[in-house]
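Please read these numbers as outputs of a predicted model, since none were measured by experiment. So you know, we letter chains A, B, ... as the sequences are listed, proteins then strands, and number each from 1.
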2 protein chains.
Amino acid sequence: MPGVDDVDRRIIAALRTNGRVTYADLGRQVGLSASAVHERVGKLETTGVITGYHAVVDPRTVGLGVTALVGIQLSDNGEQEEVATSLGRQPEVESCYAVAGDEAFIVKVRVGTVDELEHTLGRLRRLEGVSRTRTTVVLSTRFEGRPNPVEHYGDPDVEQAGR
Amino acid sequence: MPGVDDVDRRIIAALRTNGRVTYADLGRQVGLSASAVHERVGKLETTGVITGYHAVVDPRTVGLGVTALVGIQLSDNGEQEEVATSLGRQPEVESCYAVAGDEAFIVKVRVGTVDELEHTLGRLRRLEGVSRTRTTVVLSTRFEGRPNPVEHYGDPDVEQAGR
DNA sequence: TTTGAAAGTTCGCGCCT
DNA sequence: AGGCGCGAACTTTCAAA
């Protein structure tokens, strides 16, 4: 588990910005041959730094115009792991974070209509181990999943030592 | 602004799962020639259905091990649009949602350490137009940005009619 | 939408530093 | 180790039908 060096960071930044750049282009951007970049990207993938490449779709264009953030409280005997698993089975739940505070999870839900939201919330509330939900409706997404700028990528070791 | 048809939906699903598939492969998956797929994907891009392709990076491996969800309250004279713009200028703020409720925004922040989180929160609180922040620290990310299953993609018109 | 063909890309391998 | 260049196979990206 080696360090991610400076060239890797620039490769990562480029791939976060455009996940479909060719290795040839990437090489031009970072000043390496296509084969060298190919090799490095392969290593970043197998070491788990890059976990995948995904097209991002405007949810409204595919009938998912309603987004909500939902806090999930466990019941007294609620098992955190089991609830997490159940949440993972709900297709409307796009992201799931275990959080500090009196809620066990905050999840992001995407559905087509408020009708559907009502349905989905009912389903979440009825999951084994869940006592309460608290829903915040998203009115508009200003920006989302923005690639963090390059200068914010660092070697984890350096980060921990240096502050 | 035409409808997204069934083949488009399958193309979208494939590209959400693997944003780097070749058009040739895509064509095999959906039963079309590479050029036909190429044409369709180009159309999906220019009509704003597909907004981009991004590599997904494990934040921990690039020194961003701390995530928090932060609610932002406006001060009495706080201008929503201006605050949104300011939030967009903070590189630690990865996503920003305008929400219903007594907070104007909920943002997702990523930093390297809790020290840095303290710093970033101080900065957010001091932004023109912001009165309060309320921070929820993420303990673990169970899953994030999961591609919604295909059966959840639909023609927006059909969705609205059909429920 | 398909075919066809030129230009460009991927990706393994061996050599070089 | 890691980068480079080669080369065969494959992919992209046109135009024509």
Side-chain angles (χ1 to χ4, degrees), chain A residues 1-58 61-62 147 150-151 153-159 161, chain B residues 1-58 60-63 147 150 153-155 157-158:
Chain A
M1 10 236 74
V4 171
D5 74 7
D6 203 65
V7 176
D8 288 333
R9 252 167 254 140
R10 287 163 60 208
I11 290 173
I12 289 167
L15 284 171
R16 283 193 61 137
T17 305
N18 177 8
R20 269 180 93 84
V21 275
T22 64
Y23 294 120
D25 245 2
L26 252 184
R28 269 164 238 137
Q29 288 182 50
V30 305
L32 243 53
S33 70
S35 21
V37 171
H38 181 241
E39 169 97 22
R40 274 173 178 265
V41 172
K43 215 159 269 173
L44 290 170
E45 287 167 4
T46 59
T47 59
V49 176
I50 294 175
T51 61
Y53 303 87
H54 304 288
V56 175
V57 172
D58 182 342
T61 65
V62 290
V150 185
E151 65 269 20
Y153 289 124
D155 187 329
D157 304 334
V158 174
E159 299 274 322
Chain B
M1 11 235 69
V4 171
D5 75 7
D6 203 65
V7 176
D8 288 332
R9 250 167 258 142
R10 287 164 58 209
I11 290 173
I12 289 167
L15 283 171
R16 282 193 60 135
T17 304
N18 177 8
R20 269 181 92 84
V21 275
T22 64
Y23 294 118
D25 244 2
L26 256 182
R28 269 164 237 137
Q29 287 182 50
V30 306
L32 245 53
S33 69
S35 18
V37 171
H38 181 240
E39 169 95 22
R40 275 171 179 264
V41 172
K43 215 159 270 173
L44 290 171
E45 288 167 3
T46 59
T47 58
V49 175
I50 293 176
T51 61
Y53 304 87
H54 305 285
V56 175
V57 172
D58 182 341
R60 290 168 301 188
T61 65
V62 291
V150 185
Y153 289 124
D155 189 328
D157 305 336
V158 173

*So what does S33(B) touch, heavy atoms closer than 4.0 Å: a base, only the sugar-phosphate, or nothing?*
base

*Quickly work out the R40(A) CZ to dC11(C) P distance and round it to whole Å.*
18 Å

*Rounded to the nearest 0.5 Å, what separation is found between the OG1 atom of T61(B) and the CG atom of D8(A)?*
10.0 Å

_Pairwise side-chain contact, R40(A) with V37(A), heavy-atom cut-off 4.5 Å (strictly under)_ = no

*What is the distance, rounded to the nearest whole Å, between atom CD1 of I11(A) and atom C1' of dG3(D)?*
12 Å

*Roughly how many Å is it from CG in D25(A) to P in dC11(C), rounded to a whole number?*
15 Å

*Go through the steps to decide whether V21(A) and Q29(A) satisfy the test side chain to side chain contact (heavy atoms under 4.5 Å, CB included), and finish with yes or no.*
CA-CA 10 Å; V21(A) 275; Q29(A) 288 182 50; 3.9 Å; yes

*Please report, rounded to the nearest Å, how far the P atom of dG2(D) is from the CG atom of D6(A).*
15 Å

*Of all the choices, dT12(D), dT9(C), dT11(D), which nucleotide is nearest to the side chain of R20(A) once you look at every atom?*
dT12(D)

*Between dT12(D) (C1') and Y53(B) (OH): distance, integer Å*: 13 Å

_Rounded distance (Å) that lies between atom C1' of dT9(C) and atom OH of Y23(B)_ = 13 Å

*Can you tell me how far P of dC11(C) sits from NE2 of H38(A), to the nearest Å?*
4 Å

*asked:* Starting the side chain at C-beta, find the nucleotide from dT1(C), dT3(C), dT12(D) nearest to L32(B).
replied: dT1(C)

_Can a donor-acceptor pair be found, under 3.5 Å and without considering hydrogens, that links the side chain of R10(A) to the backbone of G31(A)?_
no

*Is there a side-chain polar atom (N or O) of K43(A) under 4.0 Å from OP1 or OP2 of dA1(D)?*
no

_Output the rounded distance in Å from CD (E39(B)) to P (dA17(D))._
18 Å

*asked:* Side-chain N or O of R28(B) versus OP1/OP2 of dT11(D): is the shortest distance under 4.0 Å?
replied: yes

*Nearest to the side chain of S35(A), which nucleotide is it out of dG12(C), dT10(C), dT2(C)?*
dG12(C)

_I11(A) CD1 to K43(A) NZ distance, which is reported to the nearest 0.5 Å_ = 11.0 Å

